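This structure is in structure tokens; I'll ask about it shortly.
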Amino acid sequence: MSSNADIAAIFEQMAALLELTGADKFRVNAHARAARAIEACAEPLVDLADDLKALEAIEGIGAKSAKKIAEYAETGEIKEHRELLAKVPSGLLDVLAVPGLGPKTVKLLWEEKGVEGIDDLKRIIEDGSIADVPRMGAKTIANIADAISFAERSAGRLQLGLAVPIAEMICERLRAVKGAGSVEYAGSARRGRETVGDLDILASGKDEAALHDAFSSMPEVEKVLASGESKSSVRMQVGKHLIQADLRVVGAAHHGAALMYFTGSKEFNVRLRERALKKGMTLNEYGLYPEDQEKTPPQHRGVKPIASKTEEAIFEALGVAFVPPELREEGTGWERWKQTPELIEVKDIRAELHAHTTASDGAMSIEELVEAAKERGFHTIAVTDHSRSSAIAGGLSVERLMEHIEAVREVDAKTKGITVLAGSEVDILADGTLDYEDKVLKKLDVVVASPHASLRQEPVVATERLLKAIANPFVHILGHPTGRLIGEREALSPDIGRLVAAAVEHRVALEINSHWRRLDLRDVHVRAAMSGGALIAIDCDVHRAEQFGNIRYGIATARRGGVAPERCINTWTAKKLHALLKAKR
DNA sequence: GCCGTTTTCGGCCCGACTGTTTTCAGTCG
């Protein structure tokens, strides 16, 4: 299989390998950028490989990279990549990944000490010979040893739903510091990325030192990595999760510029700063200033910024429409916007269409589920317990399903203020048939069809399987279409373009499952669904009441995919939504 | 290696912090 992720990984690796061979840094960066551009593409690039012009049309992909992608599509490898791997020991890539070790140092360790992997590095630390290398003092050596141990203990990036609560906990504590002003989290958590590498906290306040102290002395902090006047950095353990957190304290006058800078993405910042230069201005984390060729940064010379207090002001001064944080990524095309796209928000959601009760693997009774949905102000809640094949999840036999439908109807009859629909999350079997016969499906108000087993199918097989499910006349929603679990399993890689086209044809909504372990569809798929004209359902797949709170992660994913409220059926009025569902009965 | 309502060649964002240095290189975001 050769997904975009595979190709992106090769480009990413080429960037690192080039760095280690001492290649021009702009060339290195161009490879890293190409990797991001490839990753952000919804369409499988191997399908585009016949058309070099189409590949080159992708921002960040030039003639050379397009040729390499075509070469990969044809031969399954890239010659330059193979040659680089022959030159540089692949274990060096692990060494380069150790925090604090950059290309210069790794190259030096390799050339002077023969280090070709982590084990070699550990060995020369242990026998002390690492000290022969220039600029290797006691502190540096200790930091490297520590970083290795951290890398070994850390599971890497944290899922969004694990990172955000930690970020919020830190913010709460800093807000409690005397004289604290605004405190908020930025970085990839603010952009709503599915995983977060480290937490970026931005604060202002009367007593800057007090904020840094409070931050560095949190009980979960196991090591202070840096502590300067404006920035401190710690490594902390929260529960079983290890994560790095950075705090930046800036004056309120610089808040917008700092927030923008700290939110990123890095690529976005670079593009924006380039744009500023073209307009005769310079942008840094303190503000947007007139460019005057002076070497000392403008904020140190008392230069009055053109804009700095709010992000909005900076965008305006640059002549760019405000870019929502979720869209500040490579390949979203923000440079061409005339105005900010209208994106869906949590408050737009008025119905949950994918929920489980104690009848299968949920923790709530029908009544408790309905109560929780009412509390969120929803007009509709669909009860969609598992179908019979999901035995582990307590899937319902046809007989039990019939009883369950009755039970749901009874609750609906006696409930005021919300419509309770009888539905099912029906397994899509390996061959694409559904777990209940059509005559059973017909009795249900809502059918969410989802893949749960046979998740290692080849893309072609998976595509046909899901297409068949979409074409079933009784299906309303395609639930978590790929079945992936972030960082745990890739699951299916269907041809999203074809799924979208079929979903449009059969008026099936594609689900964004809001659980932070899933976020499935993922952001780039959602973007494809939007450009293809499909409807989206954003659901929490609730098993417990608190999981309704996961909607924020589903919404973040939707926003990253450019979803406007009207494209999501959960935002529709009861009348409109129910009409859509009934049209298939 | 990419890119261009100034450019198809000559640029390519900007600052904080650390550690090992006596003025700065390396790394990070």
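Keep in mind that the numbers below use all heavy atoms, side chains included, and drop hydrogens, waters and symmetry copies. Numbered from 1 within each chain, the chains take letters A, B, ... in sequence-line order. Just so we're clear, the structure is a prediction, and the values are computed from it rather than from any experiment.
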Whole-Å P distance, dA16(B) and dT20(B):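 Each nucleotide's P atom is 22 Å from the other's.
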Pairs where residues 308-319 of chain A contributes a residue and the test side chain to side chain donor-acceptor pair (under 3.5 Å) is met, not counting sequence neighbours: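 Only Arg190(A)-Glu311(A), Glu311(A)-Arg328(A) qualify under side chain to side chain donor-acceptor pair (under 3.5 Å).
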Residues from residues 106-128 of chain A lying under 4.0 Å of DNA chain B - heavy atoms: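 Heavy-atom contacts with DNA chain B come from no residue of residues 106-128 of chain A; none.
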Ionic contact status for Asp146(A) with Arg235(A), cut-off 4.0 Å: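 The answer is yes: the pair qualifies as a salt bridge.
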Give me the distances for all protein-to-nucleotides 21-26 of chain B N/O pairs that come in under 3.5 Å?
from, atom 1, to, atom 2, distance (Å)
dG26(B), O3', Thr105(A), OG1, 3.2

Glu267(A) CD to dG1(B) C1', straight-line distance once rounded to whole Å: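 Going from CD in Glu267(A) over to C1' in dG1(B) covers 13 Å.
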Interatomic distance at C1', dC13(B) relative to dC2(B), whole Å: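 Nearest-Å result for dC13(B) against dC2(B) at atom C1': 16 Å.
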Side chain to side chain donor-acceptor pair (under 3.5 Å) partners of residues 148-165 of chain A, not counting sequence neighbours, each pair once: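 Residue pairs passing side chain to side chain donor-acceptor pair (under 3.5 Å), neighbours aside: Lys122(A)-Glu152(A), Arg153(A)-Glu222(A), Arg157(A)-Thr195(A).
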Any Lys25(A) side-chain nitrogen or oxygen under 4.0 Å from OP1 or OP2 of dG1(B):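 Checking Lys25(A) against dG1(B): no side-chain N or O falls below 4.0 Å of OP1 or OP2.
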N or O in side chain of Ser233(A) less than 4.0 angstrom from dC28(B) OP1/OP2: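 Looking at the OP1 and OP2 atoms of dC28(B), neither is under 4.0 Å from any side-chain N or O of Ser233(A).
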Identify all pairs in which a protein N or O lies below 3.5 Å from an N or O of nucleotides 6-16 of chain B, and state each distance.
from, atom 1, to, atom 2, distance (Å)
dC13(B), OP2, Glu274(A), OE2, 3.3
dC13(B), O2, Arg273(A), NH1, 2.5
dC14(B), OP1, Thr282(A), OG1, 2.8
dC14(B), O4', Arg273(A), NH1, 2.9
dC14(B), O2, Arg273(A), NH1, 3.4
dG15(B), OP1, Asn284(A), ND2, 3.1
dA16(B), OP1, Tyr286(A), OH, 3.0
dA16(B), O3', Ser230(A), OG, 3.4

Options dT20(B), dG29(B), dC3(B), nucleotide nearest the side-chain atoms of Arg33(A):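 Nearest to the side chain of Arg33(A) among the choices is dC3(B).
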Between dC9(B) and dG15(B) - P atom distance, rounded Å: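 32 Å, rounded to whole Å.
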Rounded C1' spacing from dT8(B) to dC14(B) in Å: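 These two C1' atoms come out 28 Å apart once rounded.
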Rounded distance in Å - CD (Glu19(A)) to C1' (dC28(B)):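 That distance rounds to 12 Å.
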Listed partners of His515(A) passing side chain to side chain donor-acceptor pair (under 3.5 Å), at least two apart: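 Side chain to side chain donor-acceptor pair (under 3.5 Å) list for His515(A), sorted by chain: empty.
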